[in-house]
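Below: the structure, in structure tokens.
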Amino acid sequence: MYSAAPLEQAAALRRALLHWFQEAARDLPWRRTSDPYRIWLSEVILQQTRVDQGLPYYERFVETFPDARALADAPLDKVLKLWEGLGYYTRARNLHRAAQVVRDDFGGAPPKTAELLQMLPGIGRYTAAAIASIAYGEPVAVVDGNVKRVLSRLFNVETSIDDTATDKELWRLANLLLSRKHPGDFNQAMMELGARICTPRTPDCAGCPVADFCQARKHGVETERPIRSAKKPPGLKDLVVAVVRRDGQYLLVKRPEEGLLGGLWEFPSFETRPGQSHQQVLEAGCKTGLKLPVKPGGMVSAVSHAYTHFKVTMTVYRCTPLNGKDPKPSEHTEFTWAARSEFEAFAFPKAVHKFIGLLD
DNA sequence: AACGCGGGGAA
DNA sequence: TTCCCAGCGTT
């Protein structure tokens with residue numbers, strides 16, 4: 001349930017918002033270009049990622065891959081390496097695949113409508129509308145996390161924004177409110193407002209250009225919007241990590257392409273249950289999982305890392321191989337031996353970087 | 001409709 | 001600590 005009152009003053013609201021954006025907009029590199037490829041690149045990098053965090057990655061990608069063709073022609077491992085540390089690595093894989101589709105099926109330039117853009121991997125409803133409105137001026141609204149918060153306050157939405165019906169309604173409201181004349185600026189203004197003024201905990205209503213239109217503010221409940229559904233607490237996981245060194249080189253394994261940290265490299269690791277000895281898990285894991293018997297040695301470090309859905313503690317041990325043979329990991333797991341000086345070519349998860357500096 | 005998927009900065 | 005970010009794809 002919500003109030004539709006802001007729609008009756010939509011024209012004035014748009015005017016105030018666009019005027020504010022013109023004055024207060026941050027000077028960001030993707031706002032200085034009309035290149036659809038760069039707009040696209042920025043939008044993918046910024047999915048679930050703050051501007052400050054994505055900015056340096058955007059700069060490096062533009063430098064390294066100046067157009068879709070350069071990105072499409074690059075090996076995936078190089079793209080993943082450039083993406084290293086940014087998280088949600090499926091984005092990098094999909095971006096790379098989409099660039100190849102653009103190269104092969106669209107003559108090197110991204111398609112020009114939201115409907116067509118959404119057919120590319122990694123481009124959903126939000127990203128398609130963002131590219132189409134900003135790069136091509138198509139009158140389609142965007143709804144991201146910022147816009148959801150802004151709209152739920154403007155209209156005093158009293159149902160959970162995690163509910164599908166509410167989500168659908170927010171998209172409808174966004175399109176009703178949209179400036180048909182300046183859709184790109186309007187969309188960016190809504191997101192900018194959410195990021196800078198209409199923040200989650202302590203919104204700056206005094207500095208808000210559209211405070212007069214805000215129904216949540218009118219009822220004094222702005223800090224209680226949006227309403228979110230309860231989420232389940234993260235689980236815990238304990239891993240032991242085997243740093244196997246042979247002739248000055250370390251054994252690295254590549255994670256499966258799908259799933260958590262897909263395509264990244266790491267040291268062999270095994271989950272431990274409470275009560276199990278780390279040495280025993282390491283010995284058994286290396287013997288059965290890698291077909292490489294080892295003798296566990298001293299601990300390198302114990303690091304913890306928080307993911308979205310669980311927390312992991314990793315206890316890292318040096319291990320000595322008991323024979324000179326190569327491992328035979330189960331299934332199609334790729335492995336390699338690499339010296340520390342060669343690590344810079346591999347994309348590692350952040351958790352690995354937490355102890356990699358301690359190795360010789 | 002629900003869930004998996006990273007990492008970091010703000011409060 | 002907790003929250004949540006210019007979301008998407010799979011099941």
Side-chain angles (χ1 to χ4, degrees), chain A residues 25-26 28-31 39-58 80 83-95 97-98 117-135 141-150 160-168 170-171 174 184-196 198-204 223 226 228-235 255-264 304-312 347-354:
Chain A
R26 288 168 290 182
L28 301 170
W30 47 86
R31 287 181 178 160
I39 308 289
W40 167 27
L41 180 61
S42 73
E43 290 300 339
V44 174
I45 286 175
L46 293 174
Q47 286 168 8
Q48 292 292 285
T49 304
R50 294 173 194 278
V51 166
D52 290 340
Q53 187 187 1
L55 197 46
Y57 286 86
Y58 173 82
L80 274 175
W83 201 272
E84 183 185 35
L86 196 53
Y88 285 159
Y89 297 92
T90 299
R91 291 184 291 171
R93 185 182 319 281
N94 284 337
L95 178 65
R97 276 178 49 214
L117 283 162
Q118 201 171 337
M119 319 212 115
L120 296 172
I123 299 185
R125 186 173 183 184
Y126 163 81
T127 305
I131 299 169
S133 64
I134 296 170
V142 301
V143 174
D144 72 336
N146 288 310
V147 176
K148 280 186 179 179
R149 185 170 55 254
V150 170
S160 168
I161 61 168
D162 299 316
D163 189 67
T164 302
T166 304
D167 187 68
K168 187 178 173 187
L170 291 175
W171 278 94
D185 282 346
F186 175 87
N187 284 334
Q188 293 186 79
M190 289 287 281
M191 294 189 281
E192 186 92 353
L193 189 71
R196 308 269 303 282
C198 198
T199 53
R201 311 240 190 155
T202 53
D204 176 21
T223 59
R228 310 202 69 131
S229 308
K231 43 187 169 188
K232 63 177 186 182
R255 296 182 61 87
E257 306 291 344
E258 315 84 32
L260 185 72
L261 306 167
L264 272 63
S304 57
H305 190 77
Y307 293 93
T308 305
H309 294 290
F310 63 94
K311 297 179 181 180
V312 61
F348 295 111
K350 179 59 70 176
V352 171
H353 276 290
K354 288 183 176 177

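All values derive from a computational prediction rather than experimental measurement.
The base of dG6(B) sits within donor-acceptor range of the side chain of T49(A), with an N or O pair under 3.5 Å. A donor-acceptor contact under 3.5 angstrom links the side-chain atoms of T308(A) to the base of dG6(B). A donor and an acceptor atom never sit less than 3.5 Å apart when one is taken from the side chain of R91(A) and the other from the base of dC8(C). Scanning atom types as modelled, no donor and acceptor separated by under 3.5 angstrom connect the side chain of Y126(A) and the base of dG7(C).
Here the side chain of T166(A) pairs a donor or acceptor atom with the backbone of S160(A) at under 3.5 angstrom. Between the R91(A) side chain and the Q47(A) main chain, a donor and an acceptor come within less than 3.5 Å of each other. Under the 3.5 Å distance criterion, the side-chain polar atoms of N94(A) are left unmatched by any main-chain donor or acceptor of P121(A). Side-chain N or O atoms of E84(A) include none that pairs as donor or acceptor with a backbone N or O of P349(A) at under 3.5 Å.
Going from the C1' atom of dG8(B) to that of dG9(C) covers 24 Å, rounded to whole Å. Nucleotides dC3(B) and dA6(C) are separated by 22 Å at their C1' atoms, to the nearest Å. Taking atom C1' in both dG6(B) and dC3(C), one finds a spacing of 15 Å when rounded to whole Å.
Computed from coordinates, the N146(A) CG to dA10(B) P distance equals 15 Å when rounded to whole Å. Taking atom CD on E258(A) and atom C1' on dC5(B), their separation rounds to 13 Å, with Å as the unit. The separation between W83(A) atom CH2 and dG6(B) atom P is 12 Å, rounded to whole Å. Rounding to whole angstrom units, CG of residue L95(A) and P of dC5(B) are separated by 21 Å. For Q53(A) and dA10(B), the CD to P distance is 11 Å, given to the nearest whole Å. Spacing between atom NZ of K231(A) and atom C1' of dG4(B) amounts to 14 Å, rounded to whole angstrom units. Distance, L260(A) CG to dT10(C) P: 17 Å, rounded to whole Å. Rounded to whole angstrom, the span from the CG atom of D204(A) across to the P atom of dA11(B) amounts to 11 Å.
Judged by closest nucleotide on DNA chain C, V51(A) is the one of L120(A) and V51(A) placed further toward the 5' end. Toward the 5' end of DNA chain B, the nearer of the two residues Y307(A) and D52(A), judged by each one's closest nucleotide, is Y307(A). Where R125(A) and R149(A) meet DNA chain C, the nucleotide closest to each residue was compared, and R149(A) sits on the side nearer the 5' end.
Within 4.0 Å of I123(A), counting heavy atoms only, lie sugar-phosphate atoms of the nucleic acid but no base atom. At the heavy-atom level, R31(A) lies under 4.0 Å from base atoms of the strands shown. Using a 4.0 Å heavy-atom distance criterion, S42(A) is classed as making no nucleic acid contact. Residue G85(A) is in sugar-phosphate contact alone, with no base atom involved, counting any heavy-atom pair closer than 4.0 Å across all strands shown. Across all strands, N187(A) comes closer than 4.0 Å to no nucleic acid atom at all (heavy-atom distances).
Residue Q48(A) places at least one side-chain N or O closer than 4.0 Å to OP1 or OP2 of dG7(C). Checking the phosphate oxygens (OP1, OP2) of dG6(B), no side-chain nitrogen or oxygen of H305(A) falls inside 4.0 Å. Under 4.0 angstrom from either OP1 or OP2 of dC5(B) there lies no side-chain N or O belonging to T90(A).
Taking every side-chain heavy atom of R201(A) into account, dT2(C) is the closest of dG8(B), dT2(C), dG6(B). When the nucleotides dC8(C), dC5(B), dA6(C) are ranked by their closest atom to the side chain of H309(A), dC5(B) comes out on top. In the set dA6(C), dT2(C), dG7(C), dA6(C) carries the atom at the smallest distance from any side-chain atom of W30(A). Ranking dA6(C), dG7(C), dG6(B) by closeness to the Q47(A) side chain, first place goes to dG7(C). For R50(A), counting side-chain heavy atoms from C-beta on, the closest listed nucleotide (dC5(B), dT2(C), dC4(C)) is dC4(C).
Under the side chain to side chain donor-acceptor pair (under 3.5 Å) criterion, T223(A) pairs with no residue at all, not counting sequence neighbours. For E43(A), the side chain to side chain donor-acceptor pair (under 3.5 Å) partners two or more places apart in sequence, or in a different chain, are Y126(A).
Taking the ring centroids of Y58(A) and W30(A), they lie under the 6.0 Å cut-off.
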